[in-house]
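The structure displayed is predicted, hence computed values, not measured ones.
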Amino acid sequence: MKKESDKLSPHLLELIKIAKMGDYERAIKYSKQIFQQYENSPLFLNTMGIIYRRTKDYEQARFVTEKALGLDNTLVQAKLNIASIDIEEGLVDKAIYALKNVLKENKNYSEAMTNLAYAFKKKGDFNSSIRYYRKALRLPKKLPRSYFNLGTSLLSIKKFKEGWEKYEYRWKVDPGDKVVWPLKDKPLWDGKSASGVLLWREQGIGDDIIFLGLVPEAYEKAGKDMTVLIDPRLVAMCERSMPGIEFLPAVKGSVQEDRFDYHLPMGSLPRLFRSSEEDFSKTRESYLKADMERVEVLRKELGVEGKKVIGISWKSFKSLNTTKKSMDLEQFGRMFDGLDVVLLNLQYGDVNEEIRAFTKGTGIEVLQCSSVNLKEDLDGLGALIALCDLVVSTSNVTIHMAGALGKEAWVLLPFAANFWWLIERTDSLWYPTVKLYRQKSLQDWSEILKNIEAQLKVEHINRFIN
């Protein structure tokens, strides 16, 4: 029998409502206001645990969720939340063991099956991941994220046709389920000749840059009547790179619906143009163009004329788990020790103190460009990348920009990388000039750093010293 405190009270319903809106800061504030009333409610504590997990406060998430299990050790939702925390903290085998135990008690529990599939995906075992996602989709309750995550798992192993079909389920899961479409009463473009086609951005800036690589093909297919709604920071570069296409900044009120006959979210372009690995032979090596006049201005401003420059970036602030795709400069930067090159900071965010501490501790200087805001001035970022001889970065906007510009770049990838990077290969289908360096085990950067350091020394002899 349920405890009185575990009934879905108006307070708990309100908390869940706020959390579902994605306003986790407000949800945490509200939960603290009602905490004394519900501190012995397992459902309330587990809801708090989920909210803390989504804000990446794993210590607090684990604490309140384990307290919920202490009050009710049969609360399956809390067991699933602990498993999710384990996955996000890299304890994947522990999560798999727990999820299998849940399924022993209820083999038809869709959420547990889907989470198990996700755990195998994070472990890099895509065959097992796909098998469990398919099992989940044979259960009575079919979760949209099972379809979506099955899609990204398939894409990781080059099963492009089905993968892109399942990728359309992104509109059923967070954050796609919260996206407001700019056109509501116009049909989706099918990739054929048509007038008045609007393509529109839907995701983060890195995804924008990837999808932009398909816009020239779409433009030709549509009959050269196309408008693209893009992040305002990319408009100038896109106009320079793709003449003939109209680029509009994606701001509220920027679209007049009666101007367009068809539309398509940019994340749906691969479904039309990349159904097989052979389709990637059409990939253009440098579909974005830097402002070359500005490149020369910045080269003089930085005083690097005639010098070999390596651009560096080591963090991803937008990753679901920043430690997965990021490292400290102290860890990242030592592989450049002894090279007769200029290191140029391409990392956005407040990293001034980190750079100062790194230089003080290692004697390795990192040049910064005061005239370019690396987050807001993406055209400036592009110019800085263009003046580099090489870019070395973790998987973030910097590496996407370098790849789109056709700049030689080396990317440090986590063990189970985003599906864009596929598995095992050292080259990129999306960016021909990008070389991939992969972790050999979860959250262990040591071997990959040694490999890159060795390669840098080879490059130093063959290229940088000449």
Discussion item. Check whether Thr55 reaches the backbone of Tyr52 with its side chain - one donor and one acceptor, N or O, closer than 3.5 Å.
Written reply: yes

Worksheet item: Between Lys407 (side chain) and Cys388 (backbone), is there a donor-acceptor pair under 3.5 Å?
Response: yes

Fill in: Pairing of Glu246 and Arg259 as salt bridge, 4.0 angstrom limit
yes

Worksheet item: Do Leu103 and Asn106 pass the side chain to side chain contact (heavy atoms under 4.5 Å, CB included) test, and can you show the C-alpha distance, the side-chain angles, and the key distance before you say yes or no?
Response: CA-CA 5 Å; Leu103 287 166; Asn106 185 348; over 6 Å; no

Practice prompt. For Asn418 and Ser395, run side-chain hydrogen bond (donor to acceptor under 3.5 Å, both in side chains): C-alpha distance rounded to whole Å, both residues' side-chain angles, the deciding distance at 0.1 Å, then the answer.
Written response: CA-CA 9 Å; Asn418 189 289; Ser395 179; over 6 Å; no

Fill in: Heavy-atom side-chain proximity of Lys224 to Ser193 below 4.5 angstrom
no

Practice prompt. Using modelled atom types only, decide if a donor and an acceptor are shared between the side chain of Glu354 and the backbone of Leu329 within a distance under 3.5 Å.
Written response: yes

Item to complete: State whether Arg53 and Glu89 are salt-bridged, where the test is any N-O pair (Lys NZ or Arg NE/NH1/NH2 against Asp/Glu carboxylate O) under 4.0 Å.
Response: no

Worksheet item: Sub-3.5 Å donor-acceptor pair from the side chain of Glu217 to the main-chain atoms of Phe273, do we have one?
Response: no

Item to complete: Check the side chains of Thr114 and Ser146 for a donor-acceptor pair under 3.5 angstrom, ignoring hydrogens and angles.
Response: yes

Worksheet entry | Whether Phe160 and Trp164 hold their rings parallel, tilted or perpendicular, with breakpoints at 30° and 60° | parallel

Worksheet entry | side chain to side chain contact (heavy atoms under 4.5 Å, CB included) evaluation trace for Ile130 with Lys121 | CA-CA 8 Å; Ile130 289 167; Lys121 180 181 178 183; over 6 Å; no

Practice prompt. Look up atom CD1 in Ile34 and atom NZ in Lys29, then write down how far apart they are to the nearest 0.5 Å.
Written response: 14.0 Å

Practice prompt. Salt-bridge test for Lys166 and Glu168: reply yes if a basic N is under 4.0 Å from a carboxylate O, no otherwise.
Written response: no

Worksheet item: Just wondering, do Leu198 and Tyr262 contact through their side chains at under 4.5 Å, heavy atoms?
Response: no

Worksheet, complete the sentence: side-chain hydrogen bond (donor to acceptor under 3.5 Å, both in side chains) pairs touching residues 126-144, sequence neighbours excluded, are Asp125-Ser128, Ser129-Ser153, Tyr133-Asn149, Arg134-Glu162

Practice prompt. Look only at the side chain of Ser84 and the backbone of Leu80, and say whether a donor-acceptor pair between them is shorter than 3.5 Å.
Written response: yes

Fill in: Lys/Arg N to Asp/Glu carboxylate O, Arg274 vs Asp279, below 4.0 Å
no

Worksheet item: To the nearest 0.5 Å, how far apart are CD1 in Ile385 and CG in Leu390?
Response: 11.5 Å

Discussion item. Surrounding NZ of Lys186 (heavy atoms of other residues, nucleotides or ligands, distance under 6.0 Å), is the total greater than 12?
Written reply: yes

Discussion item. Restricting to side-chain hydrogen bond (donor to acceptor under 3.5 Å, both in side chains), what partner residues turn up for Asn115, sequence neighbours left out?
Written reply: Arg145

Fill in: Short N-O contact, Arg201 and Asp231, less than 4.0 angstrom
yes

Practice prompt. Tell me yes or no: between the side chains of His263 and Trp189, is some donor less than 3.5 Å from an acceptor?
Written response: no

Worksheet item: Do we see a donor-acceptor contact under 3.5 Å between the side chains of Trp171 and Glu202?
Response: no

Worksheet item: Thinking salt bridges, do Glu165 and Arg271 make one under a 4.0 Å N-O criterion?
Response: no

Item to complete: Kindly indicate, with the supporting measurements, whether the criterion ring-ring contact (aromatic ring centres under 6.0 Å, His included) is fulfilled by Tyr147 and Tyr169.
Response: CA-CA 6 Å; Tyr147 288 100; Tyr169 278 87; 4.3 Å; yes

Worksheet item: Heavy atoms, side chains only, cut-off 4.5 Å: are Lys79 and Leu69 in contact?
Response: yes

Discussion item. Salt bridge or not between Glu88 and Lys122? Use side-chain N to carboxylate O under 4.0 Å.
Written reply: no

Practice prompt. Could you list the residues that satisfy side-chain contact (heavy atoms from CB on, under 4.5 Å) with Arg54, not counting sequence neighbours?
Written response: Tyr24, Ile50

Item to complete: Can you spot which of Phe211, Trp420, Trp421 makes a ring pair (Phe, Tyr, Trp, His ring centres under 6.0 Å) with His400?
Response: Trp421

Worksheet item: So do the side chains of Val392 and Phe332 get within less than 4.5 Å of each other, counting heavy atoms only?
Response: yes

Worksheet item: In Å and rounded to the nearest 0.5 Å, what is the CD1 to CG distance from Ile210 to Leu269?
Response: 12.5 Å

Discussion item. Quick check: do Leu139 and Tyr109 have side-chain heavy atoms less than 4.5 Å from each other?
Written reply: no

Worksheet entry | Minimum side-chain heavy-atom gap Leu374-Val397 below 4.5 Å | no

Worksheet item: Between the side chain of Arg240 and the main-chain N/O of Lys289, is any donor-acceptor distance below 3.5 Å?
Response: yes

Worksheet item: What pairs with Asp93 under salt bridge (charged side-chain N to carboxylate O under 4.0 Å, His left out), at least two apart in sequence or on another chain?
Response: Lys123

Item to complete: Using ring pair (Phe, Tyr, Trp, His ring centres under 6.0 Å) as the criterion, point out the one residue from Trp445, Phe415, Trp410 that pairs with Tyr437.
Response: Trp410

Worksheet item: Do Gln60 side-chain atoms and Val64 backbone N/O form a donor-acceptor pair below 3.5 Å?
Response: no

Practice prompt. First locate atom CG of Leu264, then atom CG of Leu272, and finally report the distance between them rounded to the nearest 0.5 Å.
Written response: 6.0 Å

Fill in: Short side-chain to backbone donor-acceptor contact, Ser286 and Leu288, under 3.5 Å
no

Practice prompt. Kindly determine whether Tyr348 and Thr398 satisfy side-chain hydrogen bond (donor to acceptor under 3.5 Å, both in side chains), including the steps that lead there.
Written response: CA-CA 9 Å; Tyr348 80 87; Thr398 299; over 6 Å; no

Worksheet item: Is it true that Arg284 and Glu220 make a salt bridge, defined as a side-chain N closer than 4.0 Å to a carboxylate O?
Response: no

Item to complete: Answer yes or no: does atom CZ of Phe35 have more than 12 heavy-atom neighbours from other residues, nucleotides or ligands under 6.0 Å?
Response: yes

Worksheet item: Taking 4.0 angstrom as the limit, do Glu257 and Lys184 come out as a salt bridge?
Response: no

Discussion item. Please enumerate all residues that pass salt bridge (charged side-chain N to carboxylate O under 4.0 Å, His left out) together with Lys94, with sequence neighbours excluded.
Written reply: Asp86

Fill in: Test item: side-chain donor near acceptor, Asp225 and Ser195, under 3.5 Å
no

Practice prompt. Give, for atom OG of Ser156 and atom CD1 of Ile423, the distance between the pair rounded to the nearest 0.5 Å.
Written response: 7.5 Å

Discussion item. Applying side-chain contact (heavy atoms from CB on, under 4.5 Å), can you list everything that pairs with Arg26, at least two apart in sequence or on another chain?
Written reply: Glu14, Ile18, Met21, Asp23

Fill in: Side-chain heavy-atom pair Pro270, Phe280 within 4.5 angstrom cut-off
no

Discussion item. Which residue is it: Glu424, Glu277, Glu278? I am looking for the one with a salt bridge (Lys or Arg N to Asp or Glu O under 4.0 Å) to Lys158.
Written reply: Glu277

Discussion item. I'd like to know if Lys440 pairs up with Asp444 as an ion pair, taking the criterion as any Lys NZ or Arg NE/NH1/NH2 lying under 4.0 Å from an Asp or Glu carboxylate oxygen.
Written reply: no

Worksheet item: Side-chain contact, heavy-atom cut-off 4.5 Å: Asp427 with Leu436?
Response: no

Discussion item. Any side-chain to backbone donor/acceptor pair from Ser326 onto Ser316? Under 3.5 Å, distance only.
Written reply: yes

